[in-house]
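Written below as structure tokens is the structure these notes are about.
When reading the values below, keep in mind they use all heavy atoms of this one structure, side chains included, and skip hydrogens, waters and symmetry mates.
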Amino acid sequence: MDYRCFSYFSTMKTIVVTLFAVLGAVGLQAQPCTPDTTIQANSGIFPDSATGIPQAFVNVPYEQTVTIIAPSDTQVVVIPGTPAQTVLIDSIVLDSVYTIPSWLNVECDPPTCAFEGGSYGCITFYGTPPVGEANKSYPVNFITRSHGRLLLLPNTPLPPQYDTTLAYYTLAVNEEPLSAAASGHIEWRIYPNPATHSFQVTGLDAAQPTLLRAWDGTGRLVHQEEIMRNSIIKTKNWHSGVYWIH
């Protein structure tokens with residue numbers, strides 16, 4: 001019996017941070033990873049391979065969440081020359097992610113990396129590229145295992161279908177960015193960006209406090225405080241999203 005299935009990986013678009021004048025933007029991600037259930041699709045990996053994942057920077061913490069939508073069923077030609085049959089998807093399991101750098105960690109939700117048919121899940125890639133990683137690129141390869149049953153024989157599991165997807169993403173590592181803006185002679189920056197529970201502001205004047213304000217994507221002021229050089233801003237009570245920092 002020729003059983004074929006696919007690894008259904010297709011994309012949640014990430015936000016590119018741009019800085020203007022003295023205005024900075026910081027993205028805030030929830031922890032642990034949370035799939036984007038607002039994506040309207042029957043199956044896929046988001047972001048998909050065409051969109052790709054953001055680049056990483058040396059000495060800057062990196063974190064990227066990928067949403068997985070496992071299909072509930074698919075059409076498979078079991079016997080060549082016969083009509084396609086409906087296969088019920090029990091699960092699609094991410095067995096391996098390889099050719100990635102040693103500093104990059106991979107975690108799933110659920111932790112087993114077994115995504116039930118018809119469900120949302122997520123994968124998080126995180127880590128900090130050390131010095132020496134600049135100007136390197138790493139292909140992100142997946143090995144997946146699909147489990148299913150023919151609709152006509154729902155009590156009989158089909159043999160698992162293994163699939164290898166080469167270079168679904170490419171992770172590029174570049175020099176540490178100047179995620180900063182110039183105000184007079186003061187250079188400041190925000191990191192990590194995206195953030196999780198906090199971010200740090202560096203490069204401020206050490207002699208006097210600076211007023212920091214944060215607005216969400218709707219323009220609502222959500223936070224303000226006076227900070228000193230190398231201050232850490234706690235964000236555990238902030239919602240996931242993009243914030244503009246002045």
Test side-chain contact (heavy atoms from CB on, under 4.5 Å) applied to Ile123 and Val106, step by step: CA-CA 7 Å; Ile123 305 170; Val106 181; 3.7 Å; yes

Apply side-chain contact (heavy atoms from CB on, under 4.5 Å) to residues Thr86 and Gln75 and explain how you reach the verdict. CA-CA 5 Å; Thr86 298; Gln75 296 292 307; 2.8 Å; yes

Could you give me the CA-CA distance, side-chain angles and deciding distance for Tyr138 and Leu104, then say whether side-chain contact (heavy atoms from CB on, under 4.5 Å) is met? CA-CA 11 Å; Tyr138 295 93; Leu104 189 66; over 6 Å; no

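Nearest approach of Tyr120 to Ile39, heavy atoms of both residues: OH-O, 2.7 Å. Of all the heavy atoms in Val93 and Ala114, the pair that sits closest is CG2-CB, 3.9 Å. The minimum heavy-atom distance linking Ala41 with Ile69 is given by the pair O-CG2, 3.8 Å. The shortest non-hydrogen separation linking Cys122 to Thr65 is CB-CG2, 4.0 Å. Among all heavy-atom pairs drawn from Cys108 and Leu94, the shortest one is SG-CD2, 4.2 Å. Nearest approach of Tyr62 to Ala56, heavy atoms of both residues: CD1-CB, 3.6 Å.
To the nearest 0.5 Å, the span separating OG1 on Thr235 from NE2 on His223 amounts to 9.5 Å. A distance of 11.5 Å separates CD1 in Ile89 from OG in Ser119, rounded to the nearest 0.5 Å. Rounded to the nearest 0.5 angstrom, Thr170 OG1 and Gln55 CD are separated by 12.5 Å. The structure places OG1 of Thr128 at 10.5 Å from CD of Glu63, a figure rounded to the nearest 0.5 Å.
Enclosure of atom CD in Glu116 is not indicated, since only 12 or fewer non-hydrogen atoms of other residues, nucleotides or ligands lie within 6.0 angstrom.
Between Trp238 and Tyr243, the angle of the ring planes lies from 30° to 60°, which puts this pair in the tilted group.
In this structure, Ser198 contributes its side chain and Ile232 its backbone to no donor-acceptor pair below 3.5 Å. In terms of modelled atom types and a separation under 3.5 Å, the side chain of Thr99 and the main chain of Pro139 share a donor-acceptor contact.
For the pairing with Arg149, the side-chain contact (heavy atoms from CB on, under 4.5 Å) check across Thr156, Leu158, Leu88 returns one residue only, Leu88.
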